[in-house]
Amino acid sequence: MRIHAIELHRIGMPLVRPFETSFGVQTSREVLLVHVRTDVGDGWGECVAGVDPFYSSEYVSAVEDVIRSYLAQALLAGPIGGAAAVAPLLRFVVGHRMAKAALEAAILDAQLRADGVSFGSHFGATRDRVDCGVSVGISPNIPTLLDEVQTYIDQGYKRIKLKIKPGWDLEPVAAVRDLLGAGGLLQVDANTAYTLDDVAHLRELDAFELLLIEQPFVEEDIGAHAVLARAIETPVCLDESIVTTSVAVDAIEQGATSIVNIKAGRVGGYLEAVRMHGACLTRGIPVWCGGMLETGIGRAANVALAALPGFTLPGDTSASDRYFAEDLTEPFVLEEGTLPVPTGPGTGVTVREALVRDWALRDPLVLR
Ligand SMILES: O=C(O)CCC(=O)N[C@@H](C(=O)O)c1ccccc1
């Protein structure tokens with residue numbers, strides 16, 4: 001494959017409602033899209049990095065710079081062996097996994113569109129629909145939270161995930177458990193907001209039959225998560241910590257995580273995400289597909305990934321209207337709590353390029 005050009009599009013999309021996590025409030029999504037033009041056709045990839053380095057050290061401007069200053073040239077210098085060659089070609093740059101993942105996804109999209117193969121087929125999907133959960137931000141108060149959760153229950157979501165932080169945890173969880181009833185699938189995400197000093201407090205969550213508690217401590221504290229996992233009943237699930245398959249295996253073997261949130265952007269690409277799925281599957285560790293407020297481009301790829309056999313828990317693969325009034329692709333619409341796995345070549349979705357232009361925050365960066 002010969003890449004003729006790599007275009008970086010920075011676009012802004014308003015969120016249908018503010019989204020608050022333990023690291024801040026988002027009212028819009030500023031997203032970097034990668035459009036590659038190759039000798040076998042075009043492809044689109046979405047970078048999951050946020051506009052600020054609050055979830056991870058990556059952020060949109062840094063992604064633009066590392067692609068423009070280092071990564072693009074490695075891909076434009078000469079013919080490459082397709083998407084499988086991208087990670088090895090980019091290994092000379094340390095980290096920047098979200099930037100690398102977006103490039104790989106765009107190249108994989110171009111390659112598979114040319115081959116007439118869908119992402120799901122290429123990954124080894126075994127389902128044609130995936131069960132969908134929904135992520136609920138930190139609310140101003142309990143009634144507002146319950147109104148939002150009720151909306152998602154009415155829409156058919158199969159699992160509720162609540163963002164928590166110190167001062168907003170036991171009370172909202174108790175209220176939502178009461179609303180859901182005993183059998184409802186409910187989990188929490190702390191986004192690193194706690195420390196080992198909070199173990200006794202976090203143990204009180206055991207009363208609410210949660211599926212899991214996600215990333216209570218900072219990314220590097222794998223050992224602290226193992227201490228917590230031994231001290232509470234609620235299964236510990238890691239997100240930010242799990243940046244490669246080998247880190248996932250280490251964390252599993254240390255007893256730091258018994259469920260893994262897989263996000264292709266966080267781990268450096270969909271091909272590494274598929275490898276991570278395989279490593280978890282052979283160890284009997286359930287996985288689910290995390291979300292990063294993706295547009296339909298990333299959402300299509302996530303739904304394909306979530307269709308692999310080890311993805312046994314509903315993921316953060318919500319419908320497009322959870323975040324956006326209008327999507328960059330045909331919207332993903334929830335049907336009985338599930339989304340269909342795209343079957344067309346590549347991601348299987350068509351990018352509305354007029355919207356990419358309309359929503360552009362600046363002229364595209366074209367690298368040749
Ligand atoms: O449904 C979605 O796409 C968002 C799911 C979600 O809560 N993502 C969280 C996370 O920590 O996993 C997040 C939100 C914003 C930014 C980064 C991460």
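The cluster map of Ile, Leu, Val, Met, Phe, Trp and Tyr, joined by side-chain heavy atoms under 4.5 Å apart, puts Leu238 and Leu281 in different clusters. Residue Leu71 is not grouped with residue Trp44 when hydrophobic side chains (ILVMFWY) are merged at heavy-atom distances under 4.5 angstrom, including chains of intermediate members. In the hydrophobic clustering of this structure, Ile213 groups with Leu145; members are Ile, Leu, Val, Met, Phe, Trp, Tyr whose side-chain heavy atoms approach within less than 4.5 Å, directly or through other members. When hydrophobic clusters are built by joining Ile, Leu, Val, Met, Phe, Trp and Tyr residues whose side-chain heavy atoms come closer than 4.5 Å, directly or via intermediates, Tyr55 is not grouped with Val218. Put simply, Tyr70 and Leu367 are part of the same group of oily side chains (I, L, V, M, F, W, Y) that touch within less than 4.5 Å, one to the next.
For the pair Arg266 (side chain) and Asp239 (backbone), a donor-acceptor distance under 3.5 Å is present. In this structure a side-chain-to-backbone donor-acceptor pair under 3.5 Å is missing from Glu30 to Val51. Of the possible polar contacts, none joining the Glu46 side chain to the Val31 backbone as a donor-acceptor pair under 3.5 Å is found. A distance-only check finds a donor-acceptor pair linking the side chain of Arg177 to the backbone of Gly181 [under 3.5 Å]. Judged by distance alone, the side chain of Asp147 and the main-chain N or O of Thr144 form no donor-acceptor pair under 3.5 Å. A distance-only check finds no donor-acceptor pair linking the side chain of Thr338 to the backbone of Cys132 [under 3.5 Å]. A side-chain donor-acceptor contact under 3.5 Å links Glu104 to the backbone of Leu271. Side-chain N or O atoms of Arg37 include none that pairs as donor or acceptor with a backbone N or O of Ile6 at under 3.5 Å. Counting only distance, with no hydrogens or angles, the side chain of Arg275 and the backbone of Thr245 share no donor-acceptor pair below 3.5 Å. Although no hydrogens or angles enter the test, the distance criterion places no donor-acceptor pair under 3.5 Å between the side chain of Ser69 and the main chain of Val66.
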* **Glu171/Ile142 under side chain to side chain contact (heavy atoms under 4.5 Å, CB included): CA gap, chis, key distance, verdict** => CA-CA 8 Å; Glu171 193 189 357; Ile142 296 292; 3.6 Å; yes
* Are Val134 and Ser318 close enough, and set up right, to give a side chain to side chain contact (heavy atoms under 4.5 Å, CB included), and what steps lead you there? -> CA-CA 6 Å; Val134 64; Ser318 307; 3.8 Å; yes
* Val136 and Tyr157: side chain to side chain contact (heavy atoms under 4.5 Å, CB included), yes or no, with the steps? -> CA-CA 12 Å; Val136 184; Tyr157 282 103; over 6 Å; no
* Show the numbers, then the answer: is there a side chain to side chain contact (heavy atoms under 4.5 Å, CB included) between Ser139 and Trp168? => CA-CA 9 Å; Ser139 291; Trp168 179 265; 3.9 Å; yes
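Side-chain contact check for Thr234 and Asp206: at least one donor-acceptor pair (N or O, by modelled atom type) lies under 3.5 Å. With 3.5 Å as the limit, one finds a donor-acceptor pair spanning the side chains of Arg10 and Ser61. Side-chain contact, Ser56 with Glu240: no donor N or O sits under 3.5 Å from an acceptor N or O. Side-chain contact annotation: Thr192 with Glu219, donor-acceptor N/O pair under 3.5 Å absent. Using modelled atom types, one finds a donor on one side chain and an acceptor on the other under 3.5 Å when comparing Asn302 with Tyr270. Side chains of His201 and Asp169: a donor-acceptor N/O pair is present below 3.5 angstrom, by distance only.
Taking each heavy atom of Glu272 and Val267 in turn, the nearest pair found is CG-O, 3.3 Å. In terms of heavy-atom proximity, Gly346 sits nearest to Asp109 at CA-OD1, 3.4 Å. The nearest pair of heavy atoms linking Pro342 to Val303 is CD-CG1, 4.1 Å. Counting all heavy atoms, side chain and backbone alike, Cys47 lies closest to Arg29 at O-NH2, 3.3 Å. Among all heavy-atom pairs drawn from Gln215 and Phe217, the shortest one is NE2-O, 2.8 Å. Gly265 and Val48 make their closest contact through CA-CG2, 3.7 Å (heavy atoms, listed as atom of the first residue, atom of the second, distance).
A salt bridge links Arg159 with Asp316; the closest basic N to acidic carboxylate O contact falls under 4.0 Å. Glu233 and Arg203 are not joined by a salt bridge, as no carboxylate oxygen comes within less than 4.0 angstrom of a charged side-chain nitrogen. Comment: Arg129 engages Glu335 in a salt bridge, judged by a side-chain N to carboxylate O separation of less than 4.0 angstrom. Note on Glu20 versus Lys165: salt bridge recorded, some NZ/NE/NH1/NH2 to OD/OE distance being below 4.0 Å. Of the charged side-chain nitrogens involved, at least one lies within less than 4.0 Å of a carboxylate oxygen, so that Glu214 and Lys161 count as a salt-bridged pair.
Residue-environment remark: CZ (Arg362) exceeds the threshold of 12 foreign heavy atoms within 6.0 Å. Glu148 CD: more than 12 foreign heavy atoms inside a 6.0 Å radius. In Tyr59, the OH atom is not crowded: 12 or fewer heavy atoms of neighbouring residues, nucleotides or ligands sit closer than 6.0 Å. Environment of CD in Gln254: crowded, with over 12 heavy atoms of neighbouring residues, nucleotides or ligands closer than 6.0 Å.
The structure places CD1 of Ile67 at 5.0 Å from CG of Leu8, a figure rounded to the nearest 0.5 Å. How far SG of Cys237 is from CG of Leu313: 8.5 Å, rounded to the nearest 0.5 Å. Note that OG1 of Thr38 is 8.5 Å distant from CD1 of Ile80, once rounded to the nearest 0.5 Å. A distance of 9.5 Å separates CG of Leu186 from CG of Leu212, quoted to the nearest 0.5 Å. Atom OH of Tyr323 and atom OG of Ser28 lie 14.0 Å apart (nearest 0.5 Å). The line from CZ of Arg17 to CZ of Arg322 is 5.5 Å long, rounded to the nearest 0.5 Å.
Residues Val25 and Ile138 have side chains not in contact (no heavy-atom distance under 4.5 Å, counting atoms from C-beta outward). The side-chain heavy atoms of Pro166 and Tyr194, taken from C-beta on, include a pair separated by under 4.5 Å. Side-chain contact between Phe119 and Leu305: absent, with no pair of heavy atoms (C-beta onward) separated by less than 4.5 Å. Side-chain contact check for Ser135 versus Asp189: every heavy-atom pair is 4.5 Å or farther apart. Between Ile252 and Cys280 the shortest side-chain heavy-atom distance falls below 4.5 Å. At least one side-chain heavy atom of Pro18 sits less than 4.5 Å from a side-chain heavy atom of Thr27. A heavy-atom distance below 4.5 Å is found between the side chains of Leu328 and Ile11. Using a 4.5 Å heavy-atom threshold, the side chains of Val349 and Arg299 count as separate.
The aromatic rings of His277 and Phe311 sit parallel to each other, their planes meeting at less than 30°, with 60° as the upper class boundary.
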